[in-house]
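Right, one structure below, let's go through it.
FYI, the numbering just counts along the sequence from 1. Treat the numbers as computed from the prediction; the structure is a model and nothing was measured. Just so it is clear, the values below take in all heavy atoms, side chains as well, and ignore hydrogens, waters and symmetry mates.
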Amino acid sequence: MQKLEAALAKSQVQDTSPVPRRRRRPSQTKATSRTPQRLERRLSRTEKNELIQAYHDGASTAELARRYRASKSAILELLTKHKVRADTSR
């Protein structure tokens with residue numbers, strides 16, 4: 001029995017495997033170059049009017065999204081909010 005207890009104690013001492021560490025998310029307090037989420041708030045009235053005019057002049061939503069650093073859905077949402085009719089020929 002003593003040999004068993006000694007072997008058990010020895011195996012417990014030798015088990016020094018490192019405990020896996022959890023990954024930490026990057027700190028949100030660092031300055032980032034992210035732009036605000038809402039395109040409606042980010043653009044001035046003049047920029048919105050330019051965007052709408054560019055769409056009327058034939059610019060695609062993908063092109064406008066690249067130009068204004070936004071998603072296509074954000075562009076479409078802005079156009080819908082300003083009651084711009086979608087051009088289905090594109």
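- Side-chain atoms of Glu47 come within 3.5 Å of backbone atoms of Ser44 as a donor-acceptor pair (strictly under, hydrogens ignored).
- When every heavy atom of Tyr68 is checked against every heavy atom of Arg42, the shortest pair comes out as O-NH2, 2.9 Å.
- Rounded to the nearest 0.5 Å, atoms CZ (Arg85) and NZ (Lys83) are 13.5 Å apart.
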From CA spacing to verdict: side chain to side chain contact (heavy atoms under 4.5 Å, CB included), Val84, His56: CA-CA 9 Å; Val84 176; His56 282 301; 3.9 Å; yes
Let's go through Glu77 and Arg38 carefully: what are the C-alpha distance in whole Å and the side-chain angles of both, what is the deciding distance for side chain to side chain contact (heavy atoms under 4.5 Å, CB included) to 0.1 Å, and is it a yes or a no? CA-CA 10 Å; Glu77 183 180 323; Arg38 303 287 303 172; 3.1 Å; yes
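- Atoms CG and NE2, from Leu51 and His82 in turn, are 9.0 Å apart once rounded to the nearest 0.5 Å.
- The two residues Ala59 and Arg67 come nearest to each other via the heavy atoms CB-NH2, 4.4 Å.
- Of all non-hydrogen atoms in Leu79 and Ile52, the two that sit nearest each other are CD2-CG1, 4.1 Å.
- Judged as a salt bridge (Lys or Arg N to Asp or Glu O under 4.0 Å), and not counting sequence neighbours, Arg66 has no contacts.
- Nearest heavy atoms, Ala65 versus Ser71: CB-C, 3.9 Å.
- With 3.5 Å as the limit, one finds a donor-acceptor pair spanning the side chains of Asp57 and Gln53.
- Nearest heavy atom pair, residue Leu43 against residue Lys48, reads O-CE, 3.2 Å.
- Here the shortest heavy-atom pairing between Ile75 and Leu39 reads CD1-CD2, 3.7 Å.
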